[in-house]
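The structure appears below as structure tokens.
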Amino acid sequence: MTEVNPEATADWGRAGDEGTVRRWMSDAVDFARAHGATYADARVVEIEEERVYGELKRDPDVRREHTLGIGVRVILGGMWGFGSRALGAADAPIAAAAGAVRMAASSPGGLAAAWAPLPPEIGTYHTEVHQDPFSVGLDRKQRLLDEVLQVARESPLVVSALAGVNAKRQRRYFLSTEGSWQIQTLVECGGVYQVWAAADGEVQRRSYPNSFHGNTGAGGWEFVESLGLLHEAPRVVDEASALLTAPQCPGGTADVIIGPAMTALQIHESCGHALELDRILGDEAGFAGTSFVEATGLGTFRYGSPAVSVVADPTAVGVRGSFGFDDEGQAAKQTTLVDHGVVVDFLSSRESAARIGRRSTVSMRADGWQYMPLCFSTHVALQPGQGSLQELLAKLGDGYYLDMDRSWSIDEQRLNFQFGTEVAYEVKRGVKGKLMKNASYGGVTPQFWGSVEQVAGAEEARVFGLPCGKGEPKQWGFVSHGSAPILVRGVRMGVAG
Amino acid sequence: MSLDAAAGRGEDVLLAHAEAALRSLGGSGDIVVTSRLGEYTRFAGPRIHQPQAIDELQLMARAVSRGGSARVATSHLDSAAWAGREAGALAKQVTGLSHREIALPGPDGVAAPAQSTWDGDSMRFDAAERGRLAWSAIQRAEQIGASAHGMLSLVVVEMAVANSAGLRRYVRASEVYYSVLVRLGAGSGYRSDVGRSLARLNPEVAIDEALADAVGSQKPQSLPPGSYDVVLGPLAVGDMLGFFGALGFAESAAGQESGIVARRGGTIVADPRISIVDDGTAPIGLPIPFDVEGVSKRRVTMIDRGVVGEAVTDLETAGRLQQASTGHAHIGREQAPAPTPANLILDAAPRSSQALTEGIERGLIISRFHYTRLIDSETSAFTGVTRDACFEIREGRVGTALTQSRFSEEILPVLSRCDAVGDTLVSQPLMNVWNGVASAPALRIRGFRLGFR
């Protein structure tokens with residue numbers, strides 16, 4: 001008969017005091033070392049997440065999820081091994097470590113892990129929060145969602161609408177046999193609003209602040225308030241309805257300005273993933289794929305035009321891809337990946353960097369305690385150029401303004417892509433005019449980025465936080481991308497409807 | 001697999017914690033406990049680079065009220081009672097407009113599962129065996145100057161559901177998966193499959209076939225954009241099935257106003273050779289007898305010999321239609337709960353000796369797609385790229401290898417241009433769907449469009 005403790009709770013902070021957590025982790029890495037591991041690290045991660053969703057014709061759904069566990073990574077006989085366990089049972093830390101040891105021992109041989117010892121990193125980090133999102137009452141969150149849904153409800157053409165707010169807090173502990181010890185407290189918040197309008201067998205969608213999971217940033221409830229969901233709701237509804245009668249965006253070749261939301265995804269798919277060193281070295285070939293960029297291209301490979309500079313910066317404040325330390329204990333730092341169009345570094349881990357004789361760019365991250373850390377984007381942003389959107393439109397002359405993804409597809413080398421957008425606007429003589437629907441554009445990554453004539457200035461830049469899937473079993477990475485609108489010449493346009 | 005993991009957490013443990021959560025709920029609701037104790041052997045090039053023993057565990061308590069639901073989840077089973085209490089308290093604050101309460105299923109009429117979900121023999125696919133097999137793939141690839149990549153895994157899946165209407169259910173299931181990619185120069189070969197039983201899968205043969213495809217796909221040529229007769233491999237076809245929920249074969253909040261079942265129910269959208277079901281009771285894919293609401297999985301015919309059938313539902317969407325749930329409740333990560341197809345099957349043809357390439361004067365074999373995305377749910381427009389071992393077909397015979405190409409097509413029109421169906425099903429996981437899988441045979445399709453649209 002299983003006994004269940006009716007008093008046990010999973011309130012935030014259940015992991016307990018620092019000493020208890022550190023003892024669990026020490027037990028785990030000590031076990032690994034005693035069983036032959038030459039290196040071991042342990043991560044205890046506690047996460048609480050709240051999601052409140054409202055839909056037009058469905059009652060609200062509120063969910064809070066709490067999770068706490070330990071993941072242990074080892075090198076034994078030169079081979080990696082990983083094990084994880086939910087924390088609860090007293091033997092969980094040892095069970096996780098034993099799993100990691102057993103998995104490492106199951107490797108019959110092969111190339112040993114490239115691993116050079118590093119000095120310990122000791123420190124703490126926390127997200128700057130002005131208003132704790134977990135202290136904001138459910139009534140207030142529901143009222144916000146009700147109000148934005150009411151805007152959709154009043155439109156005769158809207159058939160469906162979704163509104164949601166989300167909040168997450170994490171405490172991530174890291175301990176390694178090298179002596180590293182870190183505690184991070186991360187908080188993020190976000191919101192989403194999507195509206196579907198339909199008529200005559202056609203459906204059009206408009207989203208705000210972004211179509212793929214809305215937008216989430218590091219910070220408190222103030223981030224949700226900054227989104228202005230209620231303020232934007234009438235425009236979103238109007239545009240969804242207007243798209244139904246809007247003309248089709250024509251195919252062909254055109255000069256375009258791509259808005260920041262779409263460019264954020266373009267960066268994610270064709271820059272972030274393409275510059276992940278584990279992909280470049282073939283570690284993800286069996287699933288997500290490889291990259292058209294080669295490790296030997298460092299410092300010489302022309303990825304884009306001189307207007308294109310891309311920086312990975314997990315030290316940026318208020319963005320979803322920020323942290324103090326990555327999930328193998330390296331301190332966050334800013335790294336230029338593309339300098340005026342030339343690839344100068346990769347998103348890398350300690351091991352992948354060592355395989356090409358470089359230092360990690362601190363991109364090793366894991367989705368919670370359950371999964372083995374992988375190389376993910378952090379906060380990867382296109383550096384702003386100069387000029388306002390109006391100035392960019394004037395420079396464009398005739399063409400189209402495209403924004404917000406409706407669909408996206410790219411090949412396994414991150415080379416050949418086709419993206420559809422929710423909206424297009426015709427631009428004539430530098431003036432943004434007629435709304436058009438079903439636009440898509442495509443190209444080949446270095447040629448596309450090579451055709452970027454100008455990136456607008458910092459005042460036009462926006463940041464979008466989104467989830468990313470990678471690895472087997474699939475885990476989620478939480479990343480962000482920043483961009484100002486970009487002016488691109490000679491883009492292949494298609495029809496996405 | 002370690003002995004404790006192979007046994008799973010056990011029915012007594014999961015149901016006892018579900019009961020504890022239910023007792024503290026203080027009203028109507030249900031508890032679902034999901035557990036996946038899995039071992040995953042990932043290999044790439046010269047090594048097994050990510051051997052992982054992973055624990056995925058969640059107890060979720062849902063309190064339902066007139067006006068909505070509140071769910072509280074924990075990975076800490078001992079906190080089950082807390083989760084129930086919290087969900088009950090939270091539900092009192094939820095203020096929906098419908099004043100309709102979800103009707104929870106009771107214990108009556110719960111039939112014994114049609115299929116066994118457990119194969120103890122699959123436990124021999126342990127870390128040592130997977131390591132041996134991965135190493136064999138690595139070495140055989142190296143012998144011909146190639147590299148091997150992939151994953152071999154074994155998972156013990158458990159789910160328990162208890163609700164305030166007296167329902168108690170538990171299932172334990174084995175899950176075996178393999179994928180192997182062999183890269184040689186500009187060529188490559190790929191195989192994968194997933195199921196409940198190792199005996200049904202044959203990863204040794206898959207390695208042979210992937211090696212052969214990699215060797216045979218050297219010096220690939222490119223085909224100009226245009227329409228071609230194609231043989232879509234089972235993985236390419238299964239990829240298309242993954243969009244059936246989004247096409248409208250999952251009941252949504254939009255109800256009768258959009259989606260294919262709502263707008264085109266009873267009409268012909270595919271060739272009569274095409275029948276597609278979602279069937280958690282079938283002996284293929286990853287059968288499981290009930291969903292996270294404890295509702296028995298019902299076989300849902302989405303396309304019956306080319307004609308649009310019905311959509312999957314959960315308790316909420318079925319209640320709105322005043323129907324019984326089909327047993328497809330799903331809660332996706334970072335998503336609102338929505339009914340979701342989870343064991344999609346495109347029926348295979350009876351055993352045939354005729355190759356699907358016969359009758360194709362000039363066309364190609366597409367073994368699988370990569371990064372497909374639905375562009376328009378109403379037209380079923382989708383795009384993606386071909387990947388691994390594409391070959392030209394000339395006069396019914398397999399010819400030179402082809403480079404990967406972008407395609408732009410519409411799923412239902414593609415299925416309407418099918419004129420032959422293969423006799424062998426291959427299964428693949430559905431991205432972002434818990435215990436989700438699609439199983440399909442190869443299809444011969446006339447006039448498949450390659451290129452940017």
Side-chain angles (χ1 to χ4, degrees), chain A residues 2 4-6 8-10 53 55-69 81-86 88 99 102-103 106-108 110-111 138 142 159-160 198 201-203 213 282-283 285-286 370 372 407-412 416 418 420 442 467 472-473 494-497, chain B residues 12-13 16-17 20 42 44-57 67-82 90 93-96 98 127-128 131 135 149-151 181 253-254 257-258 334 336-337 370-371 373 375-376 378 383-385 387 406 452-453:
Chain A
T2 303
V4 182
N5 176 5
T9 74
Y53 288 108
E55 290 183 73
L56 207 53
K57 297 169 186 171
R58 190 170 181 153
D59 284 331
D61 191 275
V62 179
R63 76 178 187 260
R64 287 183 184 158
E65 297 174 80
H66 181 273
T67 180
L68 171 63
F82 176 79
S84 65
R85 279 292 165 131
R102 186 163 44 78
M103 297 310 292
S106 70
S107 289
L111 183 70
L138 184 58
Q142 287 188 105
V159 294
S160 184
E202 181 180 354
V203 177
H213 296 262
D283 283 358
Q370 296 95 328
M372 190 170 189
S407 69
W408 66 102
S409 171
I410 191 165
D411 72 17
E412 63 95 9
N416 175 328
Q418 179 176 325
E472 290 179 295
V495 178
Chain B
D12 288 350
V13 171
H17 288 92
R42 283 194 96 192
R47 62 179 180 158
I48 294 171
H49 65 316
Q50 291 169 7
Q52 309 157 71
I54 287 176
D55 181 10
E56 296 168 294
L57 173 66
S69 302
R71 303 170 206 257
V72 172
T74 177
S75 64
H76 182 237
L77 288 183
D78 211 29
S79 299
W82 168 85
L90 205 55
Q93 303 173 48
V94 178
T95 54
S98 77
W135 190 239
H149 311 254
M151 187 176 81
L181 169 77
E257 292 166 80
S258 67
E334 292 212 348
H370 178 74
Y371 221 123
R373 283 289 184 272
I375 295 170
D376 188 313
E378 298 299 305
T383 186
V385 285
R387 184 177 178 185
R406 176 157 296 284
F452 185 76
R453 185 182 173 208

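Naming convention: chains lettered A, B, ... in sequence-line order (proteins, then strands); numbering from 1 in each chain.
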Let's test your reading of the structure: which of [options] forms the most heavy-atom pairs below 4.5 Å with chain A?
{"options": "B:Arg42, B:Met151, B:His370", "result": "B:Arg42"}
{"options": "B:Ala70, B:Gly131, B:Ala336", "result": "B:Ala336"}
{"options": "B:Ala44, B:Gly150, B:Gly45", "result": "B:Ala44"}

- Of the backbone (N, CA, C, O) and the side chain (C-beta and beyond), which part of B:Ile48 lies under 4.5 Å from a heavy atom of chain A, both, or neither?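 For B:Ile48, the contact with chain A is made by backbone and side chain together.
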
With respect to chain B, which residue among [options] yields the maximal number of heavy-atom pairs within a distance under 4.5 Å?
{"options": "A:Ala285, A:Gly81, A:Gly286", "answer": "A:Ala285"}
{"options": "A:Met103, A:Glu65, A:His66", "answer": "A:Met103"}
{"options": "A:Pro473, A:Ser106, A:Pro467, A:Gly69", "answer": "A:Pro473"}
{"options": "A:Gly88, A:Pro108, A:Gly83, A:Gly99", "answer": "A:Pro108"}

Quick one: pull up [atom1] in [X] and [atom2] in [Y] and give me the separation to the nearest 0.5 Å.
{"X": "A:Met372", "Y": "B:Gln50", "atom1": "CE", "atom2": "CD", "value": "5.5 Å"}
{"X": "B:Thr74", "Y": "B:His17", "atom1": "OG1", "atom2": "NE2", "value": "10.0 Å"}
{"X": "A:Thr67", "Y": "B:Glu56", "atom1": "OG1", "atom2": "CD", "value": "10.0 Å"}

Side chain of [X], backbone of [Y]: donor and acceptor closer than 3.5 Å?
{"X": "B:Ser69", "Y": "A:Asp61", "answer": "no"}
{"X": "B:Ser75", "Y": "B:Leu57", "answer": "no"}
{"X": "A:Arg58", "Y": "A:Tyr53", "answer": "no"}

- Message: For A:Glu412, which atoms come within 4.5 Å of any heavy atom of chain B: side chain, backbone, both, or neither?
- Response: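 Both backbone and side chain of A:Glu412 come within 4.5 Å of chain B.
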
- Task: Examine whether an atom of A:Phe82 lies under 4.5 Å from a heavy atom of chain B, and if so say whether it belongs to the side chain, the backbone or both; otherwise answer neither.
- Result: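 Interface part for A:Phe82: both.
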
- Check against salt bridge (Lys or Arg N to Asp or Glu O under 4.0 Å), B:Arg387 and A:Asp411: CA-CA 8 Å; B:Arg387 184 177 178 185; A:Asp411 72 17; over 6 Å; no

